[in-house]
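Keep in mind that the numbers below use all heavy atoms, side chains included, and drop hydrogens, waters and symmetry copies. Note that the coordinates shown come from a computational prediction; the quantities given were computed from them, not determined experimentally.
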Amino acid sequence: QVRLVESGGGLVQAGGSLRLSCEVFGNILNIYSMAWYRGAPGKQRELVATISNYGRTTYADSLKYRFTISQDNGKNTMYLQMNSLKPEDTAVYYCAAALTGNPRRPAEYDYWGQGTQVTVSS
């Protein structure tokens, strides 16, 4: 069993930065890849970035020059550094973990965190 706990969200002015964290608890050895998604509760989630267990990263095209995904295996934590934030980045940000393969849809992830709210004011 794996549990994901996000933190680091909050209110920030446009142009500011935030770093989100996703701490992983439980049997982490089986995790193949992780991701950050964002969206409104109950609505379709948008992929932000992914990172594999060997460090390969992918990004949504519209975000790759402002957001950076990383992981610290020693701390069992994944991060999302968000710079030059815009009001349209306002969302709940979720971390997700997959045990196998290369997930292409939210439904293919095995575990999710509870989400952390990011609000960007103009």
Side-chain angles (χ1 to χ4, degrees):
Q1 190 72 8
V2 171
R3 186 166 66 96
L4 308 177
V5 179
E6 302 100 332
S7 61
L11 175 64
V12 64
Q13 287 189 329
S17 298
L18 280 176
R19 188 177 79 157
L20 306 183
S21 299
C22 174
E23 190 169 4
V24 184
F25 298 90
N27 188 3
I28 65 171
L29 295 180
N30 291 335
I31 294 176
Y32 182 85
S33 66
M34 296 188 67
W36 287 100
Y37 276 80
R38 67 184 186 183
K43 299 286 183 68
Q44 185 172 355
R45 295 177 182 179
E46 173 191 17
L47 178 65
V48 174
T50 71
I51 187 165
S52 71
N53 58 359
Y54 51 89
R56 182 177 182 270
T57 60
T58 66
Y59 294 90
D61 286 343
S62 62
L63 301 176
K64 61 185 177 182
Y65 297 114
R66 297 189 294 121
F67 290 11
T68 302
I69 190 171
S70 63
Q71 60 191 6
D72 183 336
N73 292 330
K75 295 183 178 179
N76 297 338
T77 302
M78 177 178 67
Y79 303 99
L80 183 69
Q81 178 67 42
M82 305 185 295
N83 298 327
S84 302
L85 283 162
K86 305 175 181 180
E88 51 263 45
D89 294 319
T90 295
V92 178
Y93 284 71
Y94 302 90
C95 66
L99 301 181
T100 60
N102 293 300
R104 298 183 182 275
R105 299 178 295 123
E108 295 176 1
Y109 283 88
D110 300 285
Y111 300 99
W112 289 85
Q114 80 289 349
T116 185
Q117 176 70 48
V118 171
T119 303
V120 184
S121 64
S122 57

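Counting all heavy atoms, side chain and backbone alike, D61 lies closest to K64 at O-CG, 3.6 Å. Across every non-hydrogen atom of V120 and T90, the tightest pair is N-OG1, 2.9 Å. Contact record, A91 with G39: CB-N, 3.8 Å, taken as the closest heavy-atom pair. What you find for A35 and T50 is that their closest heavy atoms are CB-CG2, 3.9 Å. Taking all atoms of both residues into account, the shortest heavy-atom contact from P103 to A98 is CG-CB, 3.3 Å. Scanning all heavy atoms of the two residues, the minimum distance from L4 to Q114 falls at O-OE1, 3.6 Å.
The number of heavy-atom neighbours closer than 6.0 Å to CD of Q44, taken from other residues, nucleotides and ligands shown, is 12 or below.
Here the straight-line distance linking atom CZ of R56 with atom CD1 of I69 works out to 12.0 Å at 0.5 Å rounding. Taking CD of E6 as the start and CD of Q117 as the end, the distance is 12.0 Å to the nearest 0.5 Å. To the nearest 0.5 angstrom, Q81 atom CD is 9.0 Å from L20 atom CG. Note that the CE atom of M34 and the OG atom of S52 stand 12.0 Å from one another [nearest 0.5 Å]. Put simply, CG on L85 and OG1 on T119 are 11.0 Å apart, with the number rounded to the nearest 0.5 Å.
Tracing side-chain contacts under 4.5 Å through hydrophobic residues (I, L, V, M, F, W, Y), one reaches I28 starting from M78; they form part of the same cluster. There is a path of hydrophobic side-chain contacts, each under 4.5 Å, that joins Y111 to I31. Hydrophobic clustering, with ILVMFWY side chains joined whenever heavy atoms are under 4.5 angstrom apart, keeps W112 apart from V24. Linking ILVMFWY side-chain heavy atoms closer than 4.5 Å, directly or via other members, places L63 and Y37 in two distinct hydrophobic clusters.
Applying the salt bridge (charged side-chain N to carboxylate O under 4.0 Å, His left out) test to E23 and every residue at least two apart in sequence or in another chain returns nothing. In terms of the side-chain hydrogen bond (donor to acceptor under 3.5 Å, both in side chains) criterion, residue partners of R66 (sequence neighbours excluded) are, by chain and number, D89.
Considering only heavy atoms from C-beta on, W36 stays 4.5 Å or farther from I51 through its side chain. You'll find the side chain of Y109 stays beyond 4.5 Å of the side chain of R45, heavy atoms only. With a 4.5 Å cut-off on side-chain heavy atoms, L80 and V48 count as touching. Proximity of V118 to R38: side-chain heavy atoms (C-beta onward) are nowhere separated by under 4.5 Å.
Annotation: ring pair (Phe, Tyr, Trp, His ring centres under 6.0 Å) contacts involving residues 52-108, sequence neighbours excluded, are absent.
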